[in-house]
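One structure is given here, and the rest of the page talks about it.
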Amino acid sequence: RWQLLNLSMYQRLQPAFVETSEKLAEDLDVVKARDHLWKEVSAQRTAIAGQILDEGIATSYVSLLAHFPEVRSQFIALFQRLNDIEEKISSAFLTASQDDVLAFETRGASYTSAMLGNALRTTAEAHRTRLEEETTTTFKPHKDFLLDVIGKDNKEILRGSRSR
C-alpha cells in the first residue's frame, strides 16, 4: 500500500502539469510556472504522507511482534529505507521538472502548452518507474517473509517463533 500511494503521486500531478503548462502560456514566466508546479508536488507529497499515517501503514506489522519480535527492527529499517528512496527520487523529479520548465525560457511565441505538459509527463513517468523499481527491490525480502508466514498454519508459526 505504501508503494501504491507514493506511485500515485505522478498520476495525481497530471492536472498540475496542465495548469503549469497553461500558466507558462499565459505570461511566459518560467519561474512562476516552476514555482506553481513545485507547490503542487509538495501538496501531493504531503497528502500522501498524511494518508500513509492515517492508514497506519508503517505500523501494520505490529501483530507479528508477538510471534516474531525481531521483525520490529527489520520493518523500521524497511520504512526508513523506503522513505529515503522516495525522498531521493522526489528530489530528482523536482530538479528534472525544473529543467523541463526552464527549457522553455527562450521559446516565446513558439511555445504551446502541450510542449511543457508532454515534457513533464515524460519526466514523471521516468521517475515513477524508478520509484517502482527501487521500492519493489527493497520490499522483496520482506514480502517473501510475510508470504512465508501467511502460508504457515498456527502450529508452524508458534514453533517458528519459539525457535527464533
Side-chain angles (χ1 to χ4, degrees), residues 1-27 29-104 113-114 116-150:
R1 179 74 177 144
W2 182 99
Q3 184 185 43
L4 289 175
L5 286 172
N6 279 286
L7 290 172
S8 76
M9 179 183 79
Y10 298 98
Q11 184 61 39
R12 292 179 186 196
L13 285 171
Q14 294 302 315
F17 297 160
V18 173
E19 291 168 5
T20 302
S21 298
E22 291 171 345
K23 283 187 182 303
L24 185 57
E26 287 171 10
D27 56 17
D29 185 340
V30 292
V31 173
K32 185 176 177 182
R34 187 269 327 261
D35 289 350
H36 172 76
L37 178 61
W38 281 18
K39 178 181 170 186
E40 294 297 321
V41 171
S42 179
Q44 287 301 326
R45 288 184 72 213
T46 299
I48 290 168
Q51 197 170 350
I52 288 169
L53 284 174
D54 290 346
E55 293 182 21
I57 292 171
T59 57
S60 59
Y61 65 88
V62 169
S63 60
L64 289 173
L65 290 177
H67 301 290
F68 303 96
E70 72 279 3
V71 301
R72 181 177 188 278
S73 61
Q74 291 173 16
F75 277 85
I76 288 171
L78 168 65
F79 282 106
Q80 181 60 54
R81 176 73 180 122
L82 292 172
N83 289 326
D84 290 347
I85 291 168
E86 188 279 333
E87 177 64 36
K88 175 185 71 172
I89 293 173
S90 290
S91 179
F93 172 68
L94 286 173
T95 299
S97 66
Q98 173 176 270
D99 293 345
D100 289 341
V101 174
L102 296 180
F104 290 97
S113 61
L116 177 57
N118 290 337
L120 290 171
R121 278 185 276 287
T122 299
T123 297
E125 180 56 28
H127 287 81
R128 190 205 66 75
T129 299
R130 185 172 158 207
L131 179 64
E132 183 174 30
E133 289 170 354
E134 288 192 33
T135 56
T136 296
T137 300
T138 301
F139 272 125
K140 184 163 180 11
H142 302 279
K143 183 178 179 182
D144 291 347
F145 167 76
L146 291 173
L147 289 173
D148 181 56
V149 170
I150 290 168

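Along the sequence shown, the residues carry numbers beginning at 1. Values in this document were obtained by computation on a predicted structure and should not be read as measured data. The basis for the numbers below is simple: all heavy atoms, side chains too, and nothing from hydrogens, waters or symmetry mates.
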- State which residues pass salt bridge (charged side-chain N to carboxylate O under 4.0 Å, His left out) with R34; sequence neighbours excluded, sorted by chain then number. none

- Query: With E125, which residues qualify under side-chain hydrogen bond (donor to acceptor under 3.5 Å, both in side chains), at least two apart?
  - Reply: R128, T129

- Task: Quick one: list whatever passes side chain to side chain contact (heavy atoms under 4.5 Å, CB included) with Q44, sequence neighbours left out.
- Result: M9, R12, L13

- Message: I need the minimum non-hydrogen distance between G117 and S21, along with the two atoms involved.
- Response: N-OG, 2.9 Å

- Can you tell me which residue pairs pass the ring-ring contact (aromatic ring centres under 6.0 Å, His included) test with a partner in residues 80-102, sequence neighbours excluded? Y10-F93, F93-H127

- Item | Salt bridge flag under 4.0 Å for residues E87 and R45 | yes

- Do K23 and E19 sit within salt-bridge range, that is, some charged N less than 4.0 Å from a carboxylate O? no

- Check whether any side-chain heavy atom of N83 sits under 4.5 Å from a side-chain heavy atom of W2, and report yes or no. yes

- E22 to S113 - nearest heavy-atom pair and separation: N-CB, 4.2 Å

- Query: Between W38 and L94, is there a donor-acceptor pair closer than 3.5 Å when you use the side chain of the first and the backbone of the second?
  - Reply: yes

- Item | Under the side chain to side chain contact (heavy atoms under 4.5 Å, CB included) test, residues paired with Q3 that sit two or more places apart | L7, E132, T135, T136, F139

- Message: D27: which residues meet the salt bridge (charged side-chain N to carboxylate O under 4.0 Å, His left out) condition with it, sequence neighbours left out?
- Response: K32

